K.L.:
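Here it is, the structure in full.
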Amino acid sequence: MTDDAALMEASLVAVADAGVELRHPLFARWFAAWPKRAATFINTDASSRRMTDETVEMMLGLARGEEHWVGPLVDELAFTHRSYGRLPWEEYESWIDLTVVVLGELAGEAWDAEIDAAWVRQGERLKVMIRAAREGWDRAMPGHVAELPAAERG
């Protein structure tokens with residue numbers, strides 16, 4: 001296990017001790033940043049659980065050196081998201097950034113610069129993987145992504 005993984009795991013214990021589910025404040029912040037996106041979720045309760053868990057698990061998996069499952073999951077999720085239209089890259093990027101910010105807020109005094117840097121490093125790695133997966137699917141299936149209606153764009 002890397003130092004990042006140990007730091008990240010310790011911060012997750014602090015978040016659990018705070019007694020607040022990460023998904024609630026995370027989705028509130030993300031919908032505040034992307035208000036038009038809220039209407040596109042059919043079941044926000046289910047989606048918030050899955051999106052939050054997968055994001056945290058992928059970043060932690062990267063920190064643990066578990067690219068063998070993180071990579072295929074990123075590829076699968078990038079493909080799945082194509083059915084929602086050409087989502088702006090900024091939405092993906094802000095989701096990951098807000099995940100780290102909200103984790104820090106919930107961890108409170110247990111959060112420090114080292115922990116923040118660990119999450120940011122793994123978040124940046126995840127962003128690179130997501131971008132590569134999106135580009136890979138665009139090359140493999142050109143023209144098979146619908147554009148979002150103007151009313152749904154950022």
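Side-chain atoms are counted along with the backbone in the values below, which use heavy atoms only and exclude waters and symmetry mates. Here the structure is a predicted model, which is why all the values come from computation and not from measurement.
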K.L.:
Evaluate the criterion side chain to side chain contact (heavy atoms under 4.5 Å, CB included) for residue pair His81 and Arg134; output intermediate values, then yes/no.
P.N.:
CA-CA 9 Å; His81 281 91; Arg134 284 172 44 122; over 6 Å; no
K.L.:
Please report the shortest heavy-atom distance between Gln122 and Ala63, naming the atom on each side.
P.N.:
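Smallest heavy-atom distance, with atoms named: OE1-N, 3.4 Å.
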K.L.:
I need the single residue from Met8, Met59, Glu9 that forms a side chain to side chain contact (heavy atoms under 4.5 Å, CB included) with Arg64. Which is it?
P.N.:
Glu9
K.L.:
Among Arg23, His24, Glu21, whose side-chain hydrogen bond (donor to acceptor under 3.5 Å, both in side chains) with Ser48 holds?
P.N.:
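Running side-chain hydrogen bond (donor to acceptor under 3.5 Å, both in side chains) over Arg23, His24, Glu21 with Ser48 returns exactly one hit, Arg23.
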K.L.:
Between Trp89 and Ile130, does the side chain to side chain contact (heavy atoms under 4.5 Å, CB included) criterion hold? Intermediate values first, please.
P.N.:
CA-CA 9 Å; Trp89 170 249; Ile130 293 169; 3.6 Å; yes
K.L.:
Once side-chain hydrogen bond (donor to acceptor under 3.5 Å, both in side chains) is applied, do any residues pair with Glu135, and if so which ones, sequence neighbours excluded?
P.N.:
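For Glu135, no residue satisfies side-chain hydrogen bond (donor to acceptor under 3.5 Å, both in side chains) once neighbours in sequence are set aside.
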K.L.:
Which heavy-atom pair separates Ala133 from Val74 by the least distance, and what is that distance?
P.N.:
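That would be CB-CG1, 3.9 Å.
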K.L.:
List the atom pairs, with distances to 0.1 Å, where a side-chain N or O of residues 101-115 and a protein N or O form a donor-acceptor pair under 3.5 Å, not counting sequence neighbours.
P.N.:
{"from": "Glu105", "atom 1": "OE1", "to": "Arg29", "atom 2": "NH1", "distance (Å)": "2.8"}
{"from": "Glu105", "atom 1": "OE2", "to": "Arg29", "atom 2": "NH1", "distance (Å)": "2.9"}
{"from": "Trp111", "atom 1": "NE1", "to": "Asp116", "atom 2": "OD1", "distance (Å)": "3.3"}
{"from": "Asp112", "atom 1": "OD1", "to": "Glu114", "atom 2": "N", "distance (Å)": "3.1"}
{"from": "Asp112", "atom 1": "OD1", "to": "Ile115", "atom 2": "N", "distance (Å)": "2.8"}

K.L.:
Just to verify, what does Phe31 make a ring-ring contact (aromatic ring centres under 6.0 Å, His included) with, not counting sequence neighbours?
P.N.:
Phe27, Phe41
K.L.:
Does any pair with a residue in residues 118-127 pass salt bridge (charged side-chain N to carboxylate O under 4.0 Å, His left out), and if so which ones, sequence neighbours excluded?
P.N.:
Asp4-Arg121, Glu67-Arg125, Asp97-Lys127, Glu124-Lys127
K.L.:
Nearest 0.5 Å please: distance from the OH atom of Tyr92 over to the CG atom of Leu126.
P.N.:
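Reported to 0.5 Å precision, the distance equals 11.0 Å.
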K.L.:
For Asp75, enumerate each residue passing the side-chain hydrogen bond (donor to acceptor under 3.5 Å, both in side chains) test, keeping only those at least two apart in sequence or located in another chain.
P.N.:
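Listed in chain order: nothing, the list is empty.
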K.L.:
Can you list every ring pair (Phe, Tyr, Trp, His ring centres under 6.0 Å) pair that touches residues 48-80, not counting sequence neighbours?
P.N.:
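Passing the test, one end in residues 48-80: Phe79-Trp137.
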K.L.:
Are Val13 and Leu22 co-members of a hydrophobic cluster defined by side-chain heavy atoms under 4.5 Å apart?
P.N.:
no
